[in-house]
Enquirer: 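Here it is, the structure in full.
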Amino acid sequence: MHNNKNNIELGRFVICPMSQARDDGAFDALVSIRSGRGMASVDRVMRFIPTFSSTHAALRYARKHGLAWARCH
């Protein structure tokens with residue numbers, strides 16, 4: 001799994017876009033959205049349906065949708 005080291009802080013959330021290589025050479029887009037601190041922290045991880053031809057494209061998609069989710073919540 002490729003973790004983009006550039007976490008994004010947006011309000012009370014920390015958004016971490018990620019990509020994961022598939023056996024067929026494509027990439028999945030995932031995003032971790034963390035909120036809270038210590039024992040009261042919550043980490044949501046979402047994997048998206050479309051696959052991508054590059055890790056860069058998967059990370060861009062995960063970033064866009066992670067930010068959109070955080071802005072709505």
Enquirer: Can you list, by chain and residue number, the hydrophobic cluster partners of V14 when the side-chain cut-off is 4.5 Å?
Expert: none

Enquirer: Please identify each residue that fulfils ring-ring contact (aromatic ring centres under 6.0 Å, His included) with H65, with sequence neighbours left out.
Expert: F48, Y61

Enquirer: Which ILVMFWY residues can you reach from M39 by hopping between side chains whose heavy atoms are under 4.5 Å apart?
Expert: none

Enquirer: When clusters are formed from ILVMFWY side-chain contacts under 4.5 Å, directly or step by step, what else is grouped with I49?
Expert: none

Enquirer: Can you confirm whether I8 sits close enough to L67 that some side-chain heavy atom of one is under 4.5 Å from a side-chain heavy atom of the other?
Expert: yes

Enquirer: Write down the atom of A70, the atom of L10, and the distance for their closest heavy-atom approach.
Expert: CB-CD2, 3.8 Å

Enquirer: Taking side-chain contact (heavy atoms from CB on, under 4.5 Å) as the definition, give me every residue that meets it alongside R37, ordered by chain and number, with sequence neighbours left out.
Expert: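 None.
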
Enquirer: Less than 4.5 Å apart, any side-chain heavy atom of F52 and any of R60?
Expert: no

Enquirer: Dump the intermediate steps for side-chain contact (heavy atoms from CB on, under 4.5 Å) on F13 and R44, then the final yes or no.
Expert: CA-CA 10 Å; F13 299 109; R44 298 161 181 85; 4.3 Å; yes

Enquirer: Taking distance alone, no hydrogens or angles, what donor-acceptor pairs closer than 3.5 Å link side-chain atoms of residues 26-35 to residues at least two apart or in another chain?
Expert:
| unit_1 | atom_1 | unit_2 | atom_2 | d |
| --- | --- | --- | --- | --- |
| D28 | OD1 | R22 | NH1 | 3.1 |
| D28 | OD2 | R47 | NH1 | 3.1 |
| S32 | OG | D43 | OD1 | 2.5 |
| S32 | OG | D43 | OD2 | 3.4 |

Enquirer: Can you name the side chain to side chain donor-acceptor pair (under 3.5 Å) partners of R12, sequence neighbours left out?
Expert: none

Enquirer: Sequence neighbours excluded, which residues qualify as side chain to side chain donor-acceptor pair (under 3.5 Å) partners of H73?
Expert: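 For H73 there are no side chain to side chain donor-acceptor pair (under 3.5 Å) partners, ignoring immediate neighbours.
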
